[in-house]
Chemist: 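Attaching a single structure in structure tokens format; questions to follow.
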Protein chains: 2
Amino acid sequence: MLDRTDFLILDELSKNSRITMKDLGEKVHLSGPAASARVIKLEERGVIEDYTIKINQAKMGYPVHAIVHIYTKNPNHQPYLSYIKKQNRYVVHNYKVSGESCYLLECRFPSNEELDEFLTGISNYVSYKLSIIIK
Amino acid sequence: MLDRTDFLILDELSKNSRITMKDLGEKVHLSGPAASARVIKLEERGVIEDYTIKINQAKMGYPVHAIVHIYTKNPNHQPYLSYIKKQNRYVVHNYKVSGESCYLLECRFPSNEELDEFLTGISNYVSYKLSIIIK
DNA sequence: TTAACTCCTTTCAAAAATAAAGTCAAACGT
DNA sequence: ACGTTTGACTTTATTTTTGAAAGGAGTTAA
């Protein structure tokens, strides 16, 4: 399905998604139009889902990075999920998981104060364990 | 420091990092060169760290997505860290965290068999708890 | 008032993207 | 064995985008 050249292309686009098709072509020993055609196919097949940027959240004012393990006491998760949705400025991911906990919440905060408020908020719906990411 | 227009630019680039400066300019009510100048500044300030793509890992053959909580028994983490480095084809992130566990490992596998092998491998160095991401 | 900045626009030459045409080789049916 | 189709590529030529340069408008400070 995917050949060596496709992998090289994905690798280059991962490193720099704004590379020109001409330069991408050179890197993978193809002409610009050929590289472009490959990329379009990768998009169509859904292998490339998105072109995006990595933002330095600390410089954006969100230096506190945390993982919160959620243990829902109530079988109805909706109140928790609604609350999370309302607090989405802090939430990076909310994974439903199998294992000990029910959800794994990755989030970012401007300060510990706001983290504290957030945790106070969710404790109305669920119990949790907190891990702060150090690096 | 960052104004409303910068936030709009970051938002648009997050959604599509390959947008042309001309189109980006239109979206944020600026000329192409003005948008381009803003973007260059955001890069220089380190707010934009990287232009990258989101790859559908399932279509790449890595459908199993897991978070592994690592508890190091030994105060010397090096053997664990070296092992992780060797297994980097599976590892998305290896966060050092404060809290109950020592590291939070986000990883992806082609199958449960390979997840099993990986876990067998790390159990030589550390103990762990596994969470499989369902969605 | 004037000078120095900042941030923008417009203009235009150079570079890149894209559409189109043509080449080549492998696969397939007759 | 021959012609046809298909897929992936290159080259060429047109269109579009980029990025440099020049200049204007608003702000601040001497």
Side-chain angles (χ1 to χ4, degrees), chain A residues 1-63 88-90 108-111 114, chain B residues 1-63 88-89 108-111:
Chain A
M1 187 181 178
L2 297 187
D3 67 10
R4 184 176 155 62
T5 303
D6 290 320
F7 280 104
L8 288 174
I9 286 174
L10 291 172
D11 199 45
E12 291 300 331
L13 286 175
S14 294
K15 285 190 268 182
N16 174 17
S17 64
R18 280 192 73 85
I19 191 172
T20 66
M21 288 300 122
K22 185 173 164 290
D23 289 350
L24 179 60
E26 274 175 29
K27 294 237 185 201
V28 304
H29 310 297
L30 239 47
S31 66
S36 177
R38 289 256 191 175
V39 169
I40 288 166
K41 273 200 184 168
L42 288 167
E43 291 167 8
E44 283 169 352
R45 285 193 260 179
V47 176
I48 296 175
E49 286 188 331
D50 224 351
Y51 294 92
T52 184
I53 54 174
K54 204 169 138 214
I55 292 175
N56 185 321
Q57 294 295 341
K59 296 205 172 156
M60 288 279 287
Y62 283 71
N88 72 342
R89 68 187 169 290
Y90 301 131
R108 293 201 160 263
F109 301 91
S111 68
E114 271 163 279
Chain B
M1 186 186 182
L2 297 188
D3 67 10
R4 181 175 157 63
T5 303
D6 290 320
F7 280 103
L8 288 174
I9 286 174
L10 291 172
D11 199 44
E12 290 300 332
L13 287 176
S14 295
K15 284 191 267 180
N16 175 18
S17 63
R18 280 192 72 85
I19 192 173
T20 65
M21 289 302 120
K22 185 175 163 286
D23 289 350
L24 178 60
E26 274 175 28
K27 294 238 184 199
V28 305
H29 310 297
L30 241 45
S31 66
S36 177
R38 290 256 190 172
V39 169
I40 288 165
K41 272 201 184 165
L42 289 168
E43 291 168 9
E44 284 169 352
R45 285 193 260 179
V47 176
I48 296 175
E49 287 187 329
D50 222 352
Y51 295 92
T52 185
I53 55 174
K54 201 167 139 218
I55 293 176
N56 183 323
Q57 294 296 339
K59 295 204 175 159
M60 288 280 287
Y62 283 70
N88 72 341
R89 69 187 170 289
R108 292 203 162 261
F109 302 90
S111 67

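Note on naming: letters A, B, ... go to the chains in the order of the sequence lines (proteins, then strands), and numbering restarts at 1 for each one.
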Chemist: Should K41(A) be listed as having a side-chain N or O under 4.0 Å from OP1 or OP2 of dG7(D)?
Modeler: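 No, outside the criterion.
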Chemist: dC7(C) P sits how many Å from R4(B) CZ, rounded?
Modeler: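 Nearest whole value for this atom pair: 18 Å.
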Chemist: Within this structure, what is the CG-to-C1' distance between D23(A) and dA15(C), rounded to whole angstrom?
Modeler: 10 Å
Chemist: Within a strict 4.5 Å, meaning less than it, do heavy atoms of the R38(A) and D3(A) side chains meet?
Modeler: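 Yes, side chains in contact.
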Chemist: Which nucleotide, dT11(D), dT18(C), dT9(C), lies nearest any side-chain atom of A34(B)?
Modeler: dT9(C)
Chemist: Would you mind reading off the distance between I19(B) atom CD1 and dT18(D) atom C1', rounded to a whole angstrom?
Modeler: 15 Å
Chemist: For a quick check of understanding: with a heavy-atom distance under 4.0 Å over all strands, which category does T20(A) fall into, base, sugar-phosphate or nothing?
Modeler: sugar-phosphate
Chemist: Looking at T52(B) and S14(A), would you say the former's side chain and the latter's main chain have a donor-acceptor pair under 3.5 Å?
Modeler: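 Judged by distance alone, yes, a pair lies under 3.5 Å.
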Chemist: Please report, rounded to the nearest Å, how far the P atom of dT11(D) is from the NZ atom of K22(A).
Modeler: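 Going from NZ in K22(A) over to P in dT11(D) covers 13 Å.
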Chemist: Send over the distance from R18(B) CZ to dT16(D) P, rounded to a whole Å.
Modeler: 18 Å
Chemist: How close or far is atom P of dA17(C) from atom CD of E26(A), stated in whole angstroms?
Modeler: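 The answer, rounded to whole Å, is 11 Å.
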Chemist: Do E114(A) and Y62(A) pair up side chain to side chain, a donor and an acceptor below 3.5 Å, judged on atom types alone?
Modeler: no
Chemist: Do R108(B) and M60(B) have side-chain heavy atoms sitting under 4.5 Å apart?
Modeler: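 They are not in contact (no side-chain heavy atoms under 4.5 Å apart), so the answer is no.
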Chemist: Figure out the CD1/P separation between I40(A) and dA17(C), and round it to whole Å.
Modeler: 11 Å
Chemist: Between M21(A) (CE) and dT18(D) (C1'), how many Å, whole number?
Modeler: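 Rounded to the whole Å, the gap is 15 Å.
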Chemist: Measuring from the side chain of L30(B) (C-beta onward, heavy atoms only), which nucleotide among dA8(D), dT10(D), dT9(C) has the closest atom?
Modeler: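 Shortest atom-to-atom distance from the side chain points to dT9(C).
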